[in-house]
Structure formats: structure tokens, C-alpha cells
S.K.: 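Pasting a structure below so you can have a look.
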Amino acid sequence: MKIASSKSNQLDSYQAKVVASTASGFGLENMDVMFLSFALSSIIADLHLSGTQAGLISTITNIGMLLGGIFFGILADKIGRVKTFSHTIFIFAFATAAMYFANNLTMVYLCRFIAGIGAGGEYGIGMTVLAESFSKEKLGRVSSWVGMAGQVGAIFAALLAALILPKFGWHALFLFGIIPVVITFFARRHLRESKTFTNSSKKTKGNIKQLFATPKIAYQTLALMVMAIVQIAGYFGLMNWLPTIMQKQLNLTVGSSTWMIATILGMCAGMLTFGWILDNLGPRLAFGIFLTASAIGVYVLTLPSNVWSLIVVGAIVGYFSNGMFAGYGAIVSRLYPTEVRATANNVIMNVGRCIGGFSSLAIGYLLDNYNIMTVMMFISTLYIISLLVMLTISNLKAANYKNI
């Protein structure tokens, strides 16, 4: 009994290190990504950029994420998760810090593209390490912890931006992007490849064709891509445009930091709830509740009549719209075999990032040519599409999912 207890404690200790490494990596990656959001207006003014030139910075970053996600997902399945995880962190950390030396648009594009390559690889590998370190019954809750770390990273980015930008400028802010390098030393020292990975077939590791091996698997992959696109489209569309909509269309003004903190707290609560529902009641019910609530919730955004009601509504919308985010890593890790698990995670989520990121452009067009209700109908329709697609994925039925 004592020996079993000792082994159990050792396992718990290792799992804590896995969570610490993946959560830190995801949080600091999100911090690096958010630096661009907070520094963009300063970059535009300093480099005299047009709206199109500035918009391309995010687009190029997303393209880098897609390419990096594919490459590093395959690499992680072939040579190992831990080693590749360290490489991705090094790349996005040093590329972010290199923005300190970017004094022209070409350098900005190059740095953000390379940073995107690293960041795109990190997400799926971290989720895969989690999946192979915890029992499947706990994966939803554990993934939610890592998802919450991403929101903490956003808060750190906001705090650093408030301290650094006014006194030292945007170049100095990006220099803090080097911080994630510390994680690589911790990961290499304390993490190891799982037995699940080392015992998997060498012949099929990292074969992207496995994501489309049969008509059923191909449909599952494409359907999950659609869901990821909607997830990213809804999140970035709401986060990027909502303050502007409230200020210009509804004549409500709320401080960006107040708005962000309220929304992030709502997102964190949503992730914890979603993870519990996913583990205990299954993915269809979890996604069904949150997608339906998100489709309805966007209309609630037109109701606030004062700042406090706006903050409350922001938290509620954040609860549902981004509460689902970490769940994608959990279900993809369950639905695909060890040999292509990292590849599947990275390809599916980064297709979502690359395509879904264009929602800001679409919403801007709708606001210019139509009205708020048209925007809300657009976002709501996306969530309904995701819901219908989710219901057609047979492996997300509670019985099927439980036995995977």
C-alpha cells in the first residue's frame, strides 16, 4: 500500500510539472501574440502604415501559424513532443524579441511570420503532452486549466503594455517576448516522452494523410476544422470589434482594461464549466450548450444601457464564446491516434486560426455597409453552423466518445 501511494504521489508530481510547462508555454505564447494588439496603434504611427499594411501584420502571423502548426505537428509525431515543444518556444520567443530591432515594415512582417511559425506549433504539442499524461476522464478539466493560462497571458500583456509603451515605446515591449525561453529549460529537465508515444508505430508517425485516411475520418477532420474556424472567428470578431461597436453605435464607453478583465474572468469561468461538462456528460452536450448559448448571447450585446450592464454582458458572452476553446484540444486528442495526435491538433486549430482570423475584416465590412443587427446575425449564424456540424460527427456521441 505504501509503495502504491508513493508511486501515485510521483505520478501526481509529474503531472503537475506537465501542467506547469504546458500552461506556462500557452500563457506566454498568448502574451507574445497579444503584444501586437496593444502595440499596433504605436507601430502604425511610428512606421506611417496604412490600414491595409497594418492589417497584413496579423494575416501574415496567422499564415505563419498554419505553416508552423503543420510542420511542427508532424515533427512532434515523428521525433517527440518534448524536444519539438522546446523548439517552438525558442522560435516564437526570439522572433517576438527580434521586433525590438524592427525599424521597417519588411522586418515587422518577417518577425511576425517567424513568431507565428513557432506559436502555431506550440499549441497542439502542448495539448498532446497533456493528453498523454492524464487519463481521458480528466482531459477536459486539465485542458481548461491550460486554456485559462492563455487568458492570464493576455492580462500580463496588458499590464506590460501599460507600463512599457508610454515610457519606452513599442520596441521595448516586444523585448519581453524573450521570457518564454525559460520554459524550455524547465521542460527539457523535467518532462519525458510518454510510453504511449514511444510504443507507437514508427511507420505511420506524423503522416498527415491519416487525417483523411477514410471518408469518415476525412469528414471528421473537415468538420472539426469548421468548428475551429467558427471558434476563432467568433472570439476575435467579438474581442476586436465589440468596444468599437459599443462606443460608436450604442454611445457607451468603457475602459479597455476594465472590459478586458471582465471578459477574461468570464472566459476562465466558462472554461472550467465546459471542462467539467465535457468530462462528465460528453462533448455533444458540452458543445451543444455553449454553441447554442453563444448563438443567442450575441444578441444580448445590443441590450446594455449603461457601462455596468455592458461589463456584465461582456463577461457572460466571454463565458460561452471562449469557454469552449480548450475543449478542442481535448476532443482532438481523443479522436486521433497517438501517431498523428500532435499533427491533428495543430492542423485543425491552425486552419481555424488562419481562416477564422478574417472575421474581423468581415465584421468591419458589415459595420460599414449595414448595421449592428446584421453583425450579430452573422456571428450567430456561424455558431449555429458549428452546432449543426458538431452534431454530425459520430465520434462525438457520448457512447462513442466514451469508448475511444
Side-chain angles (χ1 to χ4, degrees), residues 62 65-66 69-70 73 123-124 127 139-140 143 147 208 210-238 270-271 273-275 277-278 281-299 317 319-336 340-341 343-360 362-363 375-404:
N62 287 336
M65 284 184 171
L66 177 59
I70 295 171
Y123 169 82
M127 285 296 180
L139 192 52
S143 297
I208 198 170
Q210 282 189 266
L211 305 186
F212 306 92
T214 67
K216 181 179 179 180
I217 295 174
Y219 179 80
Q220 174 180 282
T221 299
L222 293 173
L224 288 169
M225 285 179 179
V226 170
M227 292 180 67
I229 289 169
V230 172
Q231 175 64 35
I232 300 300
Y235 172 71
F236 280 106
L238 289 171
M271 287 178 183
T273 306
F274 184 90
I277 298 174
L278 178 61
L281 302 176
R284 278 198 171 180
L285 186 58
F287 279 103
I289 292 171
F290 275 68
L291 287 169
T292 301
S294 295
I296 297 171
V298 293
Y299 294 105
V317 172
Y319 179 95
F320 289 108
S321 67
N322 210 42
M324 300 173 282
F325 182 79
Y328 288 92
I331 63 170
V332 171
S333 295
R334 289 277 297 274
L335 296 180
Y336 292 86
V340 290
R341 186 168 288 143
T343 302
N345 264 308
N346 271 349
V347 169
I348 290 169
M349 185 50 67
N350 284 299
V351 165
R353 281 171 164 172
C354 191
I355 299 176
F358 285 98
S359 67
S360 294
I363 290 174
V375 173
M376 299 311 171
M377 288 178 63
F378 168 70
I379 298 174
S380 181
T381 300
L382 290 180
Y383 284 123
I384 292 171
I385 291 172
S386 182
L387 173 64
L388 295 176
V389 168
M390 183 272 296
L391 292 173
T392 65
I393 303 175
S394 61
N395 280 336
L396 291 185
K397 292 180 179 178
N400 294 348
Y401 187 76
K402 183 178 180 180
N403 294 319
I404 290 176

S.K.: Ignoring hydrogens and geometry, is there a side-chain-to-backbone donor-acceptor pair from Ser333 to Gly329 under 3.5 Å?
M.R.: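 Present.
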
S.K.: Can you measure from CZ (Arg353) to CZ (Phe358) and round to the nearest 0.5 angstrom?
M.R.: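 Between atom CZ of Arg353 and atom CZ of Phe358 there are 15.0 Å.
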
S.K.: Can you name the nearest heavy-atom pair linking Ile70 to Ile208, along with the distance?
M.R.: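 For Ile70 and Ile208, the tightest heavy-atom pair comes out as CG2-CD1, 4.2 Å.
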
S.K.: Evaluate the side-chain proximity of Phe212 to Leu222: yes if any heavy-atom separation is below 4.5 Å, no if none is.
M.R.: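 When only atoms from C-beta onward are counted, Phe212 and Leu222 do touch, with a gap below 4.5 Å.
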
S.K.: Can you tell me how far apart CG (Leu396) and CD (Gln220) are? Round to the nearest 0.5 Å.
M.R.: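 If I round to the nearest 0.5 Å, the distance is 7.0 Å.
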
S.K.: Answer yes or no: is there a side-chain heavy-atom contact under 4.5 Å between Met227 and Ile393?
M.R.: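 Yes, their side chains come closer than 4.5 Å.
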
S.K.: Between CE of Met271 and CG of Asn322, what distance do you get to the nearest 0.5 Å?
M.R.: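 One gets 4.5 Å once the value is rounded to the nearest 0.5 Å.
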
S.K.: Show your reasoning for whether side-chain contact (heavy atoms from CB on, under 4.5 Å) applies to Ile348 and Leu211.
M.R.: CA-CA 10 Å; Ile348 290 169; Leu211 305 186; 5.6 Å; no

S.K.: Give, for atom CD1 of Ile355 and atom CD1 of Ile229, the distance between the pair rounded to the nearest 0.5 Å.
M.R.: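 Going from the CD1 atom of Ile355 to the CD1 atom of Ile229 covers 4.0 Å.
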
S.K.: Would you say Thr392 and Tyr219 are linked by a side-chain donor-acceptor pair, where the criterion is simply a distance under 3.5 Å?
M.R.: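 Yes - a donor-acceptor pair under 3.5 Å links their side chains.
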
S.K.: Quick one: CD1 on Ile232 to CG on Asn62, what's the gap to the nearest 0.5 Å?
M.R.: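 Spacing of CD1 (Ile232) from CG (Asn62) equals 9.0 Å.
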
S.K.: Determine whether Leu224 and Leu335 make a side-chain contact, defined as any pair of heavy atoms from C-beta on separated by less than 4.5 Å.
M.R.: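 In contact.
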
S.K.: Nearest 0.5 Å, please: how far is CG in Leu382 from CG in Leu291?
M.R.: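 Separation between the atoms: 11.0 Å.
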
S.K.: Side-chain contact test, heavy atoms from C-beta onward, threshold under 4.5 Å: evaluate it for Met65 versus Cys354 and give yes or no.
M.R.: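 With C-beta onward as the side chain, the pair stays apart.
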
S.K.: On a heavy-atom basis, which atom in Met127 and which in Ala326 lie closest, and how many Å separate them?
M.R.: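 Scanning both residues completely, I find the closest heavy atoms to be CE-O, 4.0 Å.
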
S.K.: Are any of the side-chain heavy atoms of Thr292 and Phe320 separated by less than 4.5 Å?
M.R.: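 Of all side-chain heavy-atom pairs linking Phe320 with Thr292, none is under 4.5 Å.
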
S.K.: Looking at every non-hydrogen atom in both residues, tell me the closest pair between Phe274 and Gly323 and how far apart they are.
M.R.: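 What the structure gives for the nearest pair is CB-O, 3.4 Å.
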
S.K.: Minimum heavy-atom separation for Gly288 and Met390, please, with both atom names.
M.R.: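 Result for this residue pair: N-CE, 3.6 Å.
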
S.K.: Determine whether Phe287 and Tyr328 satisfy the following criterion, ring pair (Phe, Tyr, Trp, His ring centres under 6.0 Å), listing intermediate values before the conclusion.
M.R.: CA-CA 10 Å; Phe287 279 103; Tyr328 288 92; 5.2 Å; yes

S.K.: Any sub-3.5 Å donor-acceptor pair from Ser321's side-chain atoms to Tyr235's backbone N or O?
M.R.: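 Judged by distance alone, no pair lies under 3.5 Å.
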
S.K.: Taking all non-hydrogen atoms of both residues into account, name the closest pair between Ala362 and Phe378 and its distance.
M.R.: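 Taking Ala362 first and Phe378 second, the nearest heavy atoms are CB-CZ, 4.1 Å.
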
S.K.: Taking atom types as modelled and ignoring hydrogens, do the side chains of Thr273 and Tyr319 form a donor-acceptor contact shorter than 3.5 angstrom?
M.R.: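 Side chains of Thr273 and Tyr319: pair found under 3.5 Å.
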
S.K.: Is the closest side-chain heavy-atom distance between Val347 and Thr221 below 4.5 Å?
M.R.: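 Val347 does not reach Thr221 side chain to side chain.
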
S.K.: Compare all side-chain heavy atoms of Tyr401 with those of Leu278 and state whether any distance is below 4.5 angstrom.
M.R.: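 They are in side-chain contact.
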
S.K.: Counting C-beta onward and ignoring hydrogens, is there a side-chain heavy-atom pair between Arg334 and Pro283 closer than 4.5 Å?
M.R.: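 No, every pair of side-chain atoms sits at 4.5 Å or beyond.
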
